[in-house]
Amino acid sequence: MSLHANARWLVTYDIADPRRLARVFKFLKKQGVPVQYSVFQVDASAAKTGNLMVQMAKLIDADADDVRAYRLPENTWKTTLGAGILPEGVLVTAKDLL
């Protein structure tokens, strides 16, 4: 994958402090779409995702918090159980919100 080709990423986090949690949530809401508690879908290039992680590092406590980004394959298989945030069959991308 090229550094500048867009891909779909899952960004997950576990933040120990409620104030930092609020800052991280607010930041990520500008970058992508919440798909579950502490999980966002972000459509971005590897370079942009790397920059996003650098910015997130400024918001967290590296000794107490955990933030991860996983690039999803193009032909992702998905199944769910229970109540979701989005209606079944709907997959919203960040560019859909613009």
Side-chain angles (χ1 to χ4, degrees):
M1 181 177 110
S2 163
L3 280 178
H4 302 290
N6 269 3
R8 183 160 288 153
W9 298 79
L10 278 187
V11 178
T12 66
Y13 55 89
D14 186 9
I15 308 297
D17 177 73
R19 293 178 76 192
R20 286 195 310 272
L21 174 64
R23 285 193 295 259
V24 167
F25 179 82
K26 184 178 178 182
F27 173 77
L28 279 174
K29 200 149 184 200
K30 293 177 185 175
Q31 309 300 320
V33 178
V35 294
Q36 198 174 45
Y37 295 117
S38 302
V39 180
F40 276 76
Q41 174 188 312
V42 176
D43 292 330
S45 66
K48 184 175 178 184
T49 302
N51 187 41
L52 180 142
M53 295 300 278
V54 167
Q55 292 177 50
M56 295 271 291
K58 298 173 186 174
L59 300 176
I60 70 165
D61 177 348
D63 294 328
D65 303 330
D66 184 19
V67 179
R68 300 171 186 220
Y70 301 96
R71 188 177 67 84
L72 298 175
E74 288 187 30
N75 296 320
T76 302
W77 180 81
K78 173 191 113 167
T79 186
T80 62
L81 296 171
I85 293 173
L86 301 174
E88 182 60 35
V90 174
L91 183 60
V92 178
T93 64
K95 61 185 165 199
D96 293 332
L97 299 175
L98 300 176

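The figures that follow rest on heavy atoms only: side chains count, while hydrogens, waters and symmetry mates do not.
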Find out whether R20 and D61 are in side-chain contact, i.e. whether some heavy atom of one side chain is under 4.5 Å from a heavy atom of the other. yes
Would you say the side chain of Q31 lies within less than 4.5 Å of the side chain of K48, judging by non-hydrogen atoms? yes
Grab the two heavy atoms, one from T49 and one from A69, that are nearest each other, plus how far apart they are. CG2-CB, 4.1 Å
Quick one: pull up CG in D43 and CH2 in W9 and give me the separation to the nearest 0.5 Å. 11.5 Å
For F25, the option from F40, Y37, Y13 that meets ring-ring contact (aromatic ring centres under 6.0 Å, His included): F40
Could you measure the distance from the CD1 atom of I60 to the CD atom of Q55? Nearest 0.5 Å is fine. 13.0 Å
Is there a side-chain contact (heavy atoms from CB on, under 4.5 Å) between V67 and I15 once you walk through the steps? CA-CA 8 Å; V67 179; I15 308 297; 4.2 Å; yes
So, for A16 and A64, which heavy atoms are closest and what is the spacing to 0.1 Å? CB-O, 3.9 Å
Flag side-chain contact, heavy atom, 4.5 Å: Y70 against T12: yes
If you define the side chain from C-beta out and look only at heavy atoms, does anything of L10 sit under 4.5 Å from V39? yes
With a 4.5 Å cut-off on side-chain heavy atoms, are L21 and R19 touching? no
Quick check: do R8 and R71 have side-chain heavy atoms less than 4.5 Å from each other? no
At their closest point, which heavy atom of R68 faces which heavy atom of D66, and how far apart are they? NE-OD2, 2.9 Å
Indicate the atoms forming the closest heavy-atom contact of G32 with P34, along with that distance. O-CD, 4.1 Å
Heavy-atom side-chain proximity of L28 to M56 below 4.5 angstrom: yes
